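Encoded as structure tokens, the structure appears first; notes follow it.
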Amino acid sequence: MEHLALDEIGVYLEQTKISDIESRYLSLYDYLSEEVSKAPPGANGVIFTPWLHGNRCPFEDSNAGGMFFNLRVENGKRDMIRAVLEGICYHLRWLLESEMRKVKTSDTIRFVGGGALSPITCQMLADITGRWIETINNTQEVGAIGTALVVAAGIKGTDVLELSRRLVKTAQVYVPDTGNKEIYERNYRVFKKLYKDNAASFKELNG
């Protein structure tokens, strides 16, 4: 947001009216989601690795870094911003696959937090992981909701998981779009190779 968008949308940086954007969007994130939707799945070949603080799982390497891979003259900022979101989703899939080697995970994933406010991100996560993605209302307040449920369950003498099932309802469900599977599978294979192919370079630069 700070490096790829704020220089374009001065209204959120200086509160200066430069367009009608502020009247149509609640935040810059809403604007970015709409712009990302204009780039095709696979971000026109651009891949981003989200290891900006190194990484701990599924590989541990404090020297790993983020990169935009395969930029070409025809790529624009929409491709780069979409690639950031897709890169996060690729990494989440890698984590899920690592976890699956140890324990069975749910076929449906409940996605919470600020990212879950974006339908384009939710659909992207479904397409890349191949899982059904659920969201709930008040998705940014799940920590507070969880705390309230624990307190309420304690007062009522009720099982907290049962209380959660009764009170926390699914708001939206996103089903994987099989039409995007081939391109995401291709990019995901390259995404995983990027660490192996660049681990020595990361160490030389950051070690």
Side-chain angles (χ1 to χ4, degrees), residues 1-5 12 24-37 39 41 43 48-59 66 81-156 158-178 180-181 184 187-188 191-192:
M1 181 185 74
E2 292 180 3
H3 299 297
L4 288 173
Y12 288 105
R24 292 188 288 123
Y25 303 96
L26 293 176
S27 75
L28 181 56
Y29 290 108
D30 294 330
Y31 169 74
L32 290 179
S33 289
E34 183 170 314
E35 290 302 303
V36 162
S37 71
F48 177 77
T49 65
W51 312 316
L52 301 180
H53 295 286
N55 190 59
R56 291 192 299 271
C57 185
F59 62 85
I81 295 171
R82 184 177 184 108
V84 169
L85 296 177
E86 290 180 346
I88 293 168
C89 293
Y90 293 140
H91 194 83
L92 289 172
R93 174 176 168 178
W94 202 356
L95 290 171
L96 277 170
E97 290 176 350
S98 297
E99 188 176 0
M100 282 286 287
R101 290 197 289 270
K102 298 290 185 179
V103 62
K104 176 71 171 67
T105 61
S106 172
D107 292 331
T108 300
I109 296 173
R110 185 157 285 184
F111 182 30
V112 298
L117 295 172
S118 167
I120 185 71
T121 304
C122 294
Q123 187 62 54
M124 192 182 296
L125 186 60
D127 293 349
I128 289 174
T129 62
R131 308 289 186 97
W132 286 36
I133 302 297
E134 292 182 350
T135 62
I136 62 170
N137 293 321
N138 304 307
T139 183
Q140 290 178 288
E141 311 299 335
V142 290
I145 293 170
T147 300
L149 286 168
V150 170
V151 172
I155 292 172
K156 294 171 65 68
T158 304
D159 179 76
V160 67
L161 294 179
E162 177 57 34
L163 187 63
S164 299
R165 279 189 284 269
R166 285 196 282 117
L167 297 181
V168 181
K169 302 299 183 182
T170 300
Q172 297 288 335
V173 178
Y174 298 85
V175 179
D177 183 346
T178 56
N180 296 330
K181 182 177 175 63
Y184 279 139
N187 284 20
Y188 179 58
F191 175 84
K192 289 193 295 183

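This is a predicted model, so every value here is computed, not measured.
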Can you list the steps and then say if T135 with V112 is a side chain to side chain contact (heavy atoms under 4.5 Å, CB included)?
CA-CA 6 Å; T135 62; V112 298; over 6 Å; no
List the atom of H91, the atom of C57, and the distance in Å for their closest heavy-atom pair.
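Shortest heavy-atom contact: NE2-O, 2.9 Å.
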If you take all heavy atoms of I109 and L96, which pair is closest and at what distance?
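I109 and L96 have their closest heavy atoms at CD1-CD1, 3.4 Å.
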Taking R131 for the side chain and S106 for the main chain, is one N or O donor matched with an acceptor at less than 3.5 Å?
yes
Does any N or O in the side chain of T139 come within less than 3.5 Å of the main-chain N or O of I136, such that one atom is a donor and the other an acceptor?
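Between the backbone of I136 and the side chain of T139 there is no qualifying donor-acceptor contact (under 3.5 Å).
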Thinking salt bridges, do R101 and E97 make one under a 4.0 Å N-O criterion?
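So R101 does not pair with E97 through a salt bridge.
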Thinking salt bridges, do E99 and K102 make one under a 4.0 Å N-O criterion?
no
In Å and rounded to the nearest 0.5 Å, what is the [atom1] to [atom2] distance from [X] to [Y]?
{"X": "N137", "Y": "T170", "atom1": "CG", "atom2": "OG1", "answer": "9.5 Å"}
{"X": "E86", "Y": "T121", "atom1": "CD", "atom2": "OG1", "answer": "10.0 Å"}
{"X": "R93", "Y": "S98", "atom1": "CZ", "atom2": "OG", "answer": "11.5 Å"}

If we ignore angles and hydrogens, is there a donor and acceptor under 3.5 Å between the side chains of Y174 and E134?
no
Check this for me: K104, atom NZ, are more than 12 non-hydrogen atoms of other residues, nucleotides or ligands nearer than 6.0 Å?
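Buried by this count: over 12 neighbours within 6.0 Å.
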Do the two ring centres, one from [X] and one from [Y], sit under 6.0 Å apart?
{"X": "W94", "Y": "Y188", "result": "no"}
{"X": "W132", "Y": "F111", "result": "no"}
{"X": "W51", "Y": "Y90", "result": "no"}

Please assess T49 against N55 for the test side chain to side chain contact (heavy atoms under 4.5 Å, CB included), listing each intermediate value before the final yes or no.
CA-CA 10 Å; T49 65; N55 190 59; over 6 Å; no
